[in-house]
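I have placed the structure first, in the form of structure tokens, so that the comments after it can refer back to it.
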Amino acid sequence: MLEFYDPSDYKNIGSDKVLAVGLGTYAIRSYDKAFDAFIYAITHGVNLIDTAEMYDGGRAEEFVGRLVKDAGRDALFITTKMLPDRLDDKDKIVRAAEASLRRLGVTYVDLFLIHWPNERVSIQQQVQNFEILAERGLTRYIGVSNFDLAQLRKALEATRKHEIVVNQVHYSVLNRLYVEKELLPYCIQNNVTIQAYTPLEKGSVATNAVLTSIASKYGKTPIQVALNYLISHKNVVAIPKSEKIDHVQEILGSIGWRLESKDIEYIKRRL
Ligand SMILES: NC(=O)c1ccc[n+]([C@@H]2O[C@H](COP(=O)([O-])OP(=O)(O)OC[C@H]3O[C@@H](n4cnc5c(N)ncnc54)[C@H](OP(=O)(O)O)[C@@H]3O)[C@@H](O)[C@H]2O)c1
């Protein structure tokens, strides 16, 4: 895995290393086209794949199962996410996880996330219940998604044996302030990785004027600048989604170089 890029292009999740840019599986239109695009990405070093039981009624997890069959279990760091209404009961949690694992065709995932907080159960209780997945070996790591700073603090304080290693949140050049000012400093202090979702703002960063002007300086595209900006931040990996090989190629071009800090500051001033 490590032969593709510079060591600095890999980030820690727990004590694992993943390529700083992975791929998400939400709202895939053609699984057959997506299969070719994802296999292309995996053969070019992408190892982090993000999915969820919620996506397309489980079909996205089945799609990741096809990838596992083709690429091999060890080629992938699989993240999936559980719906919050399961979290009041450990048996429900285990049953839902087993259903995800069946769809994925694996005996464990690398990372199981709480998709968003269950508002009816205390953070402490839901996180302690969720730890059952790591205790049973159904996942190697646990984490959360869409937790604000107060919720994340409570989650980290609640764990008994297994650390929260990830908070997966909306983070892009156009939606950056809360993450950069509130979440990220705390995450860096506490060895939590931010998985940045919707990092391309559904593709709309491609036409952003500020990014276009920076991109031309590097011979890169706005998409590549948008992703490079994110992964230039400590403890951040990005999980864009694409089911097109040419888009995946463009996404991969966000790795292997770094924006100069003056350009990062320029983006922060302008966006
Ligand atoms: N935890 C959560 O609550 C949560 C919420 C949202 C998303 N997520 C995760 O994060 C992943 C990514 O987020 P997202 O899907 O919302 O948004 P995104 O990655 O910002 O955008 C995806 C869109 O951008 C397009 N795109 C990809 N590469 C492109 C390129 N090079 N040029 C132009 N357009 C391009 C894709 O179209 P093509 O497929 O046609 O390339 C797709 O329509 C999801 O798939 C999911 O795994 C998690």
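Quick note: residue numbers are just sequence positions, from 1. Both counts, for ligands and for their atoms, begin at 1 and track the order of listing.
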Inset, instruction - Start with the C-alpha distance between N208 and S204, add both sets of side-chain angles, then the distance that settles side chain to side chain donor-acceptor pair (under 3.5 Å), and finish with yes or no. - result: CA-CA 7 Å; N208 182 278; S204 69; over 6 Å; no

Inset, instruction - Scan side-chain atoms only and decide if D50 and Q168 contain a donor-acceptor pair under the 3.5 Å cut-off. - result: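 Yes - a donor-acceptor pair under 3.5 Å links their side chains.
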
Inset, instruction - Identify, with sequence neighbours excluded, every residue that meets side-chain hydrogen bond (donor to acceptor under 3.5 Å, both in side chains) alongside Y31. - result: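 For Y31 the side-chain hydrogen bond (donor to acceptor under 3.5 Å, both in side chains) partners, ignoring immediate neighbours, are D56.
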
Legend entry - Protein residues that have a heavy atom under 4.0 Å from any atom of ligand 1, sorted by chain and number: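 Answer by chain and number: G24, T25, Y26, R29, D50, Y55, K81, H115, S145, N146, Q168, Y197, T198, P199, L200, E201, K202, G203, I223, I239, P240, K241, S242, E243, K244, H247, E250, I251.
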
Legend entry - Other cluster members, I239 - Ile/Leu/Val/Met/Phe/Trp/Tyr, side-chain contacts below 4.5 Å: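 Hydrophobic cluster check, I239: joined to I13, V18, L48, F77, L111, L113, Y141, V165, V166, Y197, V237.
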
Legend entry - Under the side chain to side chain contact (heavy atoms under 4.5 Å, CB included) test, residues paired with D36 that sit two or more places apart: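 By the side chain to side chain contact (heavy atoms under 4.5 Å, CB included) rule, D36 matches I245.
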
Inset, instruction - Check whether the ring centres of F63 and Y55 lie less than 6.0 Å apart, and answer yes or no. - result: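 Ring centroids of F63 and Y55 are no less than 6.0 Å from each other.
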
